[in-house]
Visitor: 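This structure is in structure tokens; I'll ask about it shortly.
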Amino acid sequence: MSMALQVASASFCRFHHRNIKKIQATAAEDFAVLTSEVDKVKLGRSDLKVTKLGIGAWSWGDTTFWNDFQWDERKLKAAKAAFNSSIDCGITFFDTAEVYGSRLSFGAVNSETLIGSFIKERQQKDPTEVAIATKFAALPWRFGRGSVISALKDSLSRLGLSSVDLYLLHWPGIWGNEGYIDGLGDAVEMGLVKAVGVSNYSEKRLREAYGQLKKRGIPLASNQVNYSLIYRAPEENGVKAACDELGVTLIAYSPIAQGVLTGKYTPQNPPSGPRGQIYTPEYLTKLQPLLSRIKEIGLNYGKTPTQVVLNWLIAQENVVPIPGAKNAEQAKEFAGALGWRLTDDEITDLRSLATKINPVIGFPAEKL
């Protein structure tokens, strides 16, 4: 991010934290002030309201996919700064899961535990209302509705909370899905969660879950799936259309394609770790025309490529992106995706360029 954009982002976040309702636009940024109601949306037909953009905490504490297979004090401080900066910028929706930072991974720290400590420390200094989403892992040895409640209580213990705002099934199980959905309904009725959702659910499974919960008068609030400018499977497999039809919010994970759409990586400088096996130099070469157009559009608005691609997703409507922030700078940059909108022509232009690129392979559970 350029120095001008960094200064503008930091200034905006400080202003928001002081609850100033109006700020004057600068040449570099035209941030709209995030207010408690205007900048929040309801998740589906539930009563839960969250910010139009959230923060994904998959990388926090992880040593299997992120962080070059190691977690240390420096990365802990960076994650905490990302959490606090997000709140300072008005982004108060955080997404985690019981398997993020799994104890089965060497040196990992559970993401829920980290978020719990961040919340506790923040509340002691500056009480702030945050919305937390976490997820149930549909592991083969977990059976029935009781397994959902048991796992949820373990998550609450790690988070240090009496309830969470949103609880999701992380992926469809090999078996026992009806019992898992019943468990979600039980969690709502027990007051352990405000809203429930699913993740990586196909159109068919989404409709089944929606119908099962509807019989109990409980809305299915969301379906969290892989969705970005270069991974538009939800548009092609009926998931996005079904979400719109049923009134289920689509929460988009990997909305900047694990960093690839930021323009940070090139054929000469591909990402490290497992991402390097997905986004190869050959793939990045084909991506260059799209990245150039994203950058060109961003310059017209004084926005970064990251802010442009996040805004593109938000413009699809009924979509809440949850990019992962590893540090304060990234969190501040994400806030700059809000308060403005690409033109219809720009949205169409980016989609047209993106269709020329073959999508990468998504999470296999999407097809279960």
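Residue numbers count from 1 along this sequence.
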Visitor: So, for Ser86 and Ala331, which heavy atoms are closest and what is the spacing to 0.1 Å?
Guide: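 Ser86 and Ala331 have their closest heavy atoms at OG-CB, 3.3 Å.
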Visitor: Please assess Lys240 against Glu245 for the test salt bridge (Lys or Arg N to Asp or Glu O under 4.0 Å), listing each intermediate value before the final yes or no.
Guide: CA-CA 9 Å; Lys240 175 67 165 65; Glu245 173 195 336; over 6 Å; no
Visitor: So, using side-chain contact (heavy atoms from CB on, under 4.5 Å) as the criterion, who are the partners of Ser292 when residues are at least two apart?
Guide: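 Once residues adjacent in sequence are excluded, Ser292 has no partner under the side-chain contact (heavy atoms from CB on, under 4.5 Å) criterion.
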Visitor: Set out, in order, the CA-CA distance, both residues' side-chain angles and the distance that settles salt bridge (Lys or Arg N to Asp or Glu O under 4.0 Å) for Asp88 and Arg122, then state yes or no.
Guide: CA-CA 11 Å; Asp88 291 344; Arg122 177 84 185 200; 2.9 Å; yes
Visitor: Are Lys286 and Glu282 within salt-bridge range, i.e. N to O under 4.0 Å?
Guide: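 Not counted as a salt bridge, because no side-chain N and carboxylate O are separated by less than 4.0 Å.
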Visitor: Can you tell me how far NZ of Lys264 sits from CD1 of Ile256, rounded to the nearest 0.5 angstrom?
Guide: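 These two atoms lie 9.5 Å from each other.
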Visitor: Just by distance, with hydrogens left out, do Glu112 and Thr134 show a side-chain donor and acceptor under 3.5 Å apart?
Guide: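 Thr134 and Glu112 do have a side-chain donor-acceptor pair below 3.5 Å.
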Visitor: Looking only at non-hydrogen atoms, find the nearest pair between Val239 and Ser202 and report the distance.
Guide: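 Scanning both residues completely, I find the closest heavy atoms to be CG2-C, 3.9 Å.
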Visitor: Nearest 0.5 Å please: distance from the OG atom of Ser111 over to the CH2 atom of Trp58.
Guide: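 Here the rounded value is 12.0 Å.
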Visitor: Can you see which heavy atom on Tyr180 is nearest to which on Arg142, and at what distance?
Guide: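 Between these two residues, the closest heavy atoms are OH-O, 2.6 Å.
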Visitor: How many angstroms lie between atom OG of Ser352 and atom CD1 of Ile347, to the nearest 0.5 angstrom?
Guide: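 One gets 13.5 Å once the value is rounded to the nearest 0.5 Å.
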Visitor: Show the numbers, then the answer: is there a side chain to side chain donor-acceptor pair (under 3.5 Å) between Gln307 and Tyr301?
Guide: CA-CA 10 Å; Gln307 292 164 343; Tyr301 291 92; over 6 Å; no
Visitor: Asp154 versus Glu98: any side-chain heavy-atom pair under 4.5 Å?
Guide: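 No, too far: nothing below the 4.5 Å cut-off.
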Visitor: Nearest 0.5 Å please: distance from the CD1 atom of Ile55 over to the OG1 atom of Thr92.
Guide: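 Taking CD1 in Ile55 and OG1 in Thr92, the distance rounds to 10.0 Å.
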Visitor: Tell me the closest heavy-atom pair linking Phe334 and Ala325, and the distance in Å.
Guide: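 Scanning both residues, the minimum pair turns out to be CE1-CB, 3.7 Å.
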Visitor: Testing the basics here: between Pro321 and Leu310, what is the closest heavy-atom pair and its distance to 0.1 Å?
Guide: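 Closest pair (atom of Pro321, atom of Leu310, distance): CB-CD2, 4.0 Å.
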Visitor: For the side chain of Glu203 and the backbone of Ala242, is there at least one donor-acceptor N/O pair under 3.5 Å apart?
Guide: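 No, the answer is negative, given that no donor and acceptor are paired below the 3.5 Å cut-off.
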Visitor: Between Tyr253 and Asn200, is a side chain to side chain donor-acceptor pair (under 3.5 Å) present by the stated rule, with each step listed?
Guide: CA-CA 10 Å; Tyr253 70 76; Asn200 297 301; 2.6 Å; yes
Visitor: When you look at Thr306 and Thr262, which way does the side chain to side chain donor-acceptor pair (under 3.5 Å) test go after all the steps?
Guide: CA-CA 5 Å; Thr306 298; Thr262 66; 4.8 Å; no
Visitor: For the residue pair Trp60 and Phe83, does the interplanar ring angle fall in the parallel (under 30°), tilted (30 to 60°) or perpendicular (over 60°) class?
Guide: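 Trp60 and Phe83: perpendicular rings.
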Visitor: Is the shortest side-chain N to carboxylate O distance from Arg293 to Glu296 below 4.0 Å?
Guide: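 A salt bridge links Arg293 with Glu296.
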Visitor: Quick one: which of Phe136, Tyr201, Tyr100 gives a ring pair (Phe, Tyr, Trp, His ring centres under 6.0 Å) with His170?
Guide: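 When ring pair (Phe, Tyr, Trp, His ring centres under 6.0 Å) is applied between His170 and each of Phe136, Tyr201, Tyr100, only Tyr100 qualifies.
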Visitor: Give a yes or no answer on whether the side chain of Lys303 reaches the backbone of Gly336 with a donor-acceptor pair at less than 3.5 Å.
Guide: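 Indeed, once roles are kept as given, a pair shorter than 3.5 Å links the two residues.
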Visitor: For the residue pair Leu250 and Ser222, establish whether any side-chain heavy-atom pair is separated by less than 4.5 Å.
Guide: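 Not touching, per the 4.5 Å side-chain cut-off.
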Visitor: Answer yes or no: is there a donor N or O on one side and an acceptor on the other, between the side chain of Ser85 and the main chain of Ala82, under 3.5 Å?
Guide: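 Answer holds: no.
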Visitor: So among Leu166, Asp95, Val50, which one has a side chain to side chain contact (heavy atoms under 4.5 Å, CB included) with Ile251?
Guide: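 So, applying the side chain to side chain contact (heavy atoms under 4.5 Å, CB included) to Ile251 and each of Leu166, Asp95, Val50, only Leu166 qualifies.
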Visitor: Tell me, do Leu159 and Thr113 make a side-chain contact under 4.5 Å, heavy atoms counted?
Guide: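 No, too far: nothing below the 4.5 Å cut-off.
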Visitor: Taking the side chain as C-beta and beyond, is there a heavy-atom pair between Trp175 and Phe143 under 4.5 Å?
Guide: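 Counting from C-beta outward, Trp175 and Phe143 do come under 4.5 Å.
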Visitor: Please assess Thr304 against Glu333 for the test side chain to side chain donor-acceptor pair (under 3.5 Å), listing each intermediate value before the final yes or no.
Guide: CA-CA 8 Å; Thr304 67; Glu333 184 177 14; 2.6 Å; yes
Visitor: Is the side chain of Asn311 donor-acceptor paired with the backbone N or O of Leu342 at a distance under 3.5 Å, no angle test?
Guide: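 Yes: the side chain of Asn311 pairs with the backbone of Leu342.
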Visitor: Over all heavy atoms of both residues, which pair between Pro289 and Leu353 is shortest? Give the atoms and the distance, please.
Guide: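 In this case the closest contact between Pro289 and Leu353 is O-CD1, 4.4 Å.
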Visitor: For Arg216 and Asp186, what are the C-alpha separation, side-chain angles and deciding distance, and is it a salt bridge (Lys or Arg N to Asp or Glu O under 4.0 Å)?
Guide: CA-CA 10 Å; Arg216 297 174 67 172; Asp186 294 345; 2.8 Å; yes
Visitor: Rounded to the nearest 0.5 Å, what separates atom CH2 in Trp171 from atom CG in Asn177?
Guide: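 The CH2 atom of Trp171 sits 12.0 Å away from the CG atom of Asn177.
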Visitor: Would you please test Leu313 and Leu229 for side chain to side chain contact (heavy atoms under 4.5 Å, CB included) and show each step?
Guide: CA-CA 7 Å; Leu313 268 182; Leu229 180 57; over 6 Å; no
Visitor: Are Gln316 and Arg351 side-chain neighbours, meaning at least one heavy-atom pair lies under 4.5 Å?
Guide: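 They are in contact (side-chain heavy atoms under 4.5 Å apart), so the answer is yes.
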Visitor: Can you find a pair of side-chain heavy atoms, one from Asp182 and one from Gln212, that are under 4.5 Å apart?
Guide: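 In contact.
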Visitor: Give the cluster check for Leu350 versus Leu299: same hydrophobic cluster or not, with ILVMFWY residues linked at side-chain heavy-atom distances below 4.5 Å.
Guide: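 Each belongs to a different hydrophobic cluster.
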Visitor: Taking C-beta and beyond as the side chain, do Leu220 and Leu246 meet within less than 4.5 Å on heavy atoms?
Guide: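 Heavy-atom side-chain distance check fails, nothing below 4.5 Å.
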Visitor: How long is the straight-line distance from CG of Leu152 back to CE of Met190, given to the nearest 0.5 Å?
Guide: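 Answer rounded to 0.5 Å: 8.0 Å.
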Visitor: Do Leu284 and Pro271 touch side chain to side chain, with heavy atoms closer than 4.5 Å?
Guide: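 SC-SC contact between Leu284 and Pro271 confirmed.
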